[in-house]
Amino acid sequence: MSESSTEKPSWLVVEDESLIAMLVEETLIDAGLTVVGPVARVAQALDIASKDDLDGAVLDVNIAGEVVYPVADALGARGIPFLFLTG
């Protein structure tokens with residue numbers, strides 16, 4: 001993990017539906033994580049996934065008509081775990 005002993009793990013949330021994004025964010029915070037986002041655009045998520053210090057990510061597959069796979073590829077290349085959450 002990238003955090004020090006006092007920092008919470010940092011997870012990126014990529015979701016374009018605001019109610020779902022809020023529920024995911026609340027769940028992660030309740031689990032003791034710090035949330036980056038939620039992000040509702042693939043380009044912005046890709047920028048964050050390529051540069052930011054993250055410990056994991058929750059990715060919706062379809063973000064405003066775009067697939068999120070480039071973000072998953074960027075995370076995977078950096079060894080950052082992620083999961084897909086889609087409906």
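- Applying the ring pair (Phe, Tyr, Trp, His ring centres under 6.0 Å) test to every pair with at least one member in residues 14-42, sequence neighbours left out, gives no pairs at all.
- With hydrogens and angles ignored, the 3.5 Å screen pairs a side-chain donor or acceptor of Glu15 with a backbone N or O of Glu17.
- In this structure the side chain of Asn62 never reaches within 4.5 angstrom of the side chain of Val67, judged on heavy atoms.
- The ring pair (Phe, Tyr, Trp, His ring centres under 6.0 Å) analysis of residues 39-77, with sequence neighbours excluded, yields the pairs Tyr69-Phe84.
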Asp60 and Asp16: side-chain contact (heavy atoms from CB on, under 4.5 Å), yes or no, with the steps? CA-CA 8 Å; Asp60 183 10; Asp16 60 338; 3.4 Å; yes

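- Cluster membership check: Leu19 does not share its hydrophobic cluster with Val24, using side-chain heavy-atom separations under 4.5 Å among Ile, Leu, Val, Met, Phe, Trp and Tyr.
- Following chains of ILVMFWY side-chain contacts shorter than 4.5 Å, one cannot reach Leu28 starting from Ile80, and the two form parts of different hydrophobic clusters.
- At a threshold of 4.5 Å between non-hydrogen side-chain atoms, the residues Asp55 and Trp11 count as touching.
- For the pair Val39 and Ile48, the minimum side-chain heavy-atom distance is below 4.5 Å.
- Heavy-atom contacts from other residues, nucleotides or ligands closer than 6.0 Å to CZ of Arg78 number more than 12.
- The shortest non-hydrogen separation linking Pro9 to Gly32 is CD-O, 3.9 Å.
- The two atoms that bring Ala64 and Arg41 nearest to each other are CB-NH1, 3.0 Å, heavy atoms only.
- Checked against salt bridge (charged side-chain N to carboxylate O under 4.0 Å, His left out), Asp47 has the following partners two or more places apart in sequence or in another chain: Lys51.
- For the side chain to side chain contact (heavy atoms under 4.5 Å, CB included) with Val58, the qualifying choice from Leu12, Leu85, Leu33, Val14 is Leu85, the only one to do so.
- Contact check for Leu59 versus Val71: side-chain heavy atoms found under the 4.5 Å cut-off.
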